[in-house]
Amino acid sequence: MRLTEEGLFDREAWEQAGYQLPQYDRKKVRQLTVKEPEWIHFGAGNIFRAFQANVVQTLLNKGSYDKGLIVAEGFDYEIIEKSNRPHDDYSILVTLKADGSVEKTVVGSIVESLTVDSTCKKDFDRLVDIFCSDSLKMVSFTITEKGYKLENEKGELNKAVVKDMENGPEKAESYMGKVTALMYQRYLTGEKPVALVSMDNCSHNGDKLHEAVLTFARNWEDKNKVKKGFTGYLEDKQKVSFPWTMIDKITPRPDPNVEELLRKDGIEQVAPIVTSKHTYVAPFVNAEESQYLVMEDWFLNGRIPLEAAGIIYTDRKTVDQVEKMKVCTCLNPLHTALAVFGCLLGYTRICDEMKDDDLVRLIETVGYKEGLPVVVDPKIMNPKEFIDQVMTVRLPNPFMPDTPQRIATDTSQKLAIRYGETMKAYVRTRGNCKELIGIPLVIAGWLRYLMGVDDEGNTFTLSPDPLLETLYKMVGDIKIGEAIDVHGKIEKILKNDAIFGVDLYKVGLGEKIEYLFAKMIEKEGAVRETLHNQFK
């Protein structure tokens, strides 16, 4: 059994093996999509294949929609060349449920895949055709927050961005440069309306996308690289929209256990590959069952009926509230706490951490006791019920092979939102944060994590982070058991409101974090001891 158009001809064999197959005429869907494309998505990674592609499949199966998805990959072309095209754009979604059951779905809603390579004439010409189509309603993105950044961690424009700004839209190389060049083509063909929709897991994602595109347009217009009026087109809220969204679904790297499951079913050629850019991609994607996508209802050329598959259209204020609820209280702060202490305590799976009474008490404190009293309530979702599902269904799911090491990536970029907003709320409502216990413990644990030594004294590899080199220099030479000036060592970090959203001394937590950090470096085993003593 092969995951290709030809291999799926024997539907009975796949169905007997327990696979749900597309219930629509894919050839007809492809023809309609190529002729009148409505949705193109940038970012061919796991979250897209597990979520957006499966949502469209649901619509197609129900007869609620008759077009497929076009996916474009602008960072790692090997995803398209080595995964999408060899499998005729099919993929297998393996949904791992907390009750132990597994749902296997062959997803066929992606009917065309392209590299966003301006040097590949065939693909880029096709992208231009799509962007110039009257029918195009939505251009969406899951390219991570880094994809919208034009500057490096030093605040300098990336080399590809500088080059694009000098050369103009012809043969753009940077991701946002290529997207802006494609939007310029849409502008030239009649200033056609469209929605550019970031579906990345970052705050006010639509604004980040808007600012990146506008930066290129302004630069090119100032240098006469494009016609006057292009910037005005991108700023016209009746022509181009940049809705905010909130997305939530855990899609880890391809899991070896899932690969073996597919092999036993008789599926051939399912081995994952690691591209030259270190992307993990396979013909399958494993994911949890829970998923949320809340979108600002701001679509200027008509909207796709995603509500028929559980997607919520609402106003910008509500999207913002849902995002704050999740990121500041109900999920992300708990994830980061488990990531930090998981690395220190030798865990390699989040679900195993949920069997640890000390860690469960920690995240219960961070979520229920410290977060919920100041949570932003969006009304369309119940914050307590959201945490309940996270605690009882999502995090303990033994079939979700997510790791603390993955979640610990870029922690310095996350703390200001995941904990800073809660601390600010305490300052507004109570004057300071002195009553907090869980959040300062997590921050102290993060500083201890940055030493790169676990609780047993073994070194480990720190997850990637743009501030890693700077932060490691400040704490990496600390030795467990040696007396040091803790205040002198970490004061500069704790005062950094760019990292935490607040000056931790000014909100009443600096000294508490210093104390907790000092306890954690007293001896081997001190992390566990400090964690346990906080909640006994």
Side-chain angles (χ1 to χ4, degrees), residues 75 143-161 175 200-205 208 211-212 277-278 327-328 332-344 366 403-424 439-454 459-479 484-507 509-510 513-514 516-517 520-521 527:
F75 171 70
I143 59 175
T144 77
E145 187 169 1
K146 295 177 184 176
Y148 309 106
K149 291 184 177 179
L150 308 185
E151 300 176 341
N152 59 27
E153 62 274 10
K154 297 179 181 179
E156 304 164 337
L157 287 175
N158 294 317
K159 291 181 180 179
V161 171
Y175 212 136
D200 276 297
N201 185 19
C202 54
S203 181
H204 302 173
N205 44 22
K208 290 178 170 60
E211 184 56 36
K277 291 190 174 181
H278 307 293
V327 174
C328 303
N332 298 55
L334 316 188
H335 246 165
T336 292
L338 292 173
V340 167
F341 282 99
C343 292
L344 288 170
V366 170
T403 68
Q405 290 74 23
R406 182 189 76 85
I407 297 168
T409 300
D410 298 338
T411 298
S412 72
Q413 308 300 293
K414 302 170 180 175
L415 296 171
I417 297 297
R418 298 188 179 190
Y419 302 108
E421 293 303 309
T422 293
M423 289 187 282
K424 290 176 185 176
I439 289 175
L441 182 61
V442 175
I443 293 172
W446 177 61
L447 296 177
R448 174 64 180 79
Y449 157 88
L450 289 170
M451 291 168 53
V453 178
D454 69 18
T459 59
F460 64 88
T461 301
L462 294 164
S463 299
D465 190 304
L467 295 183
L468 187 59
E469 182 179 352
T470 300
L471 293 167
Y472 182 74
K473 285 180 181 178
M474 301 171 81
V475 298
D477 61 344
I478 298 174
K479 306 297 182 185
I484 63 164
D485 174 11
V486 170
H487 178 75
K489 270 288 187 183
I490 66 175
E491 177 192 18
K492 187 175 180 180
I493 300 175
L494 300 186
K495 282 180 172 289
N496 192 334
D497 58 7
I499 294 178
F500 302 105
V502 295
D503 179 328
L504 291 165
Y505 293 97
K506 290 182 179 179
V507 301
L509 290 181
I513 294 168
E514 287 182 9
L516 292 168
F517 178 74
M520 289 184 193
I521 61 173
V527 173

Under 3.5 Å, sequence neighbours excluded: what are the donor-acceptor pairs made by side chains of residues 497-505?
from, atom 1, to, atom 2, distance (Å)
Asp503, OD1, Tyr505, N, 2.9
Asp503, OD1, Lys506, N, 3.4
Tyr505, OH, Glu514, OE2, 2.4

Which residues pass the side chain to side chain contact (heavy atoms under 4.5 Å, CB included) test with [X], not counting sequence neighbours?
X: Ser463; result: Gln405, Ala408, Thr409, Tyr449
X: Pro333; result: Val366, Arg418, Tyr419
X: Lys149; result: Glu145, Gln413

Partner residues of [X] under the side-chain hydrogen bond (donor to acceptor under 3.5 Å, both in side chains) criterion, sequence neighbours left out:
X: Glu151; result: none
X: Asn158; result: none
X: Ser412; result: Asp465
X: Lys208; result: none

Taking atom [atom1] of [X] and atom [atom2] of [Y], what is their separation to the nearest 0.5 Å?
X: Phe75; Y: Thr144; atom1: CZ; atom2: OG1; answer: 8.0 Å
X: Ile521; Y: Leu516; atom1: CD1; atom2: CG; answer: 12.0 Å
X: Leu447; Y: Ile493; atom1: CG; atom2: CD1; answer: 5.5 Å
X: His487; Y: Leu494; atom1: NE2; atom2: CG; answer: 9.0 Å

Is there a side-chain contact between [X] and [Y] in this structure, where contact means two heavy atoms from C-beta onward sitting under 4.5 Å apart?
X: Lys414; Y: Asn332; value: no
X: Ile513; Y: Pro440; value: yes
X: Cys343; Y: Asp454; value: no
X: Leu441; Y: Met520; value: yes
X: Trp446; Y: Thr336; value: no

Heavy-atom pair of closest approach, residues Val442 and Ala337: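 Smallest heavy-atom distance, with atoms named: CG2-CB, 3.7 Å.
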
Cys328 versus Thr422, closest heavy-atom pair with distance: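 Here Cys328 and Thr422 meet closest at O-OG1, 3.3 Å.
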
Considering only distance and modelled atom types, tabulate donor-acceptor pairs under 3.5 Å from the side chains of residues 468-478, sequence neighbours left out.
from, atom 1, to, atom 2, distance (Å)
Asp477, OD1, Lys489, NZ, 2.8
Asp477, OD2, Lys489, NZ, 3.1

Side chain Arg448, main chain Ile443, donor-acceptor under 3.5 Å: no

Lys159: partners by salt bridge (charged side-chain N to carboxylate O under 4.0 Å, His left out), with sequence neighbours left out: none

Set of salt bridge (charged side-chain N to carboxylate O under 4.0 Å, His left out) partners for Glu211, sequence neighbours left out: Arg218

Crowding at NZ, Lys492 (>12 non-hydrogen neighbours, <6.0 Å):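 Not more than 12 within 6.0 Å, no.
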
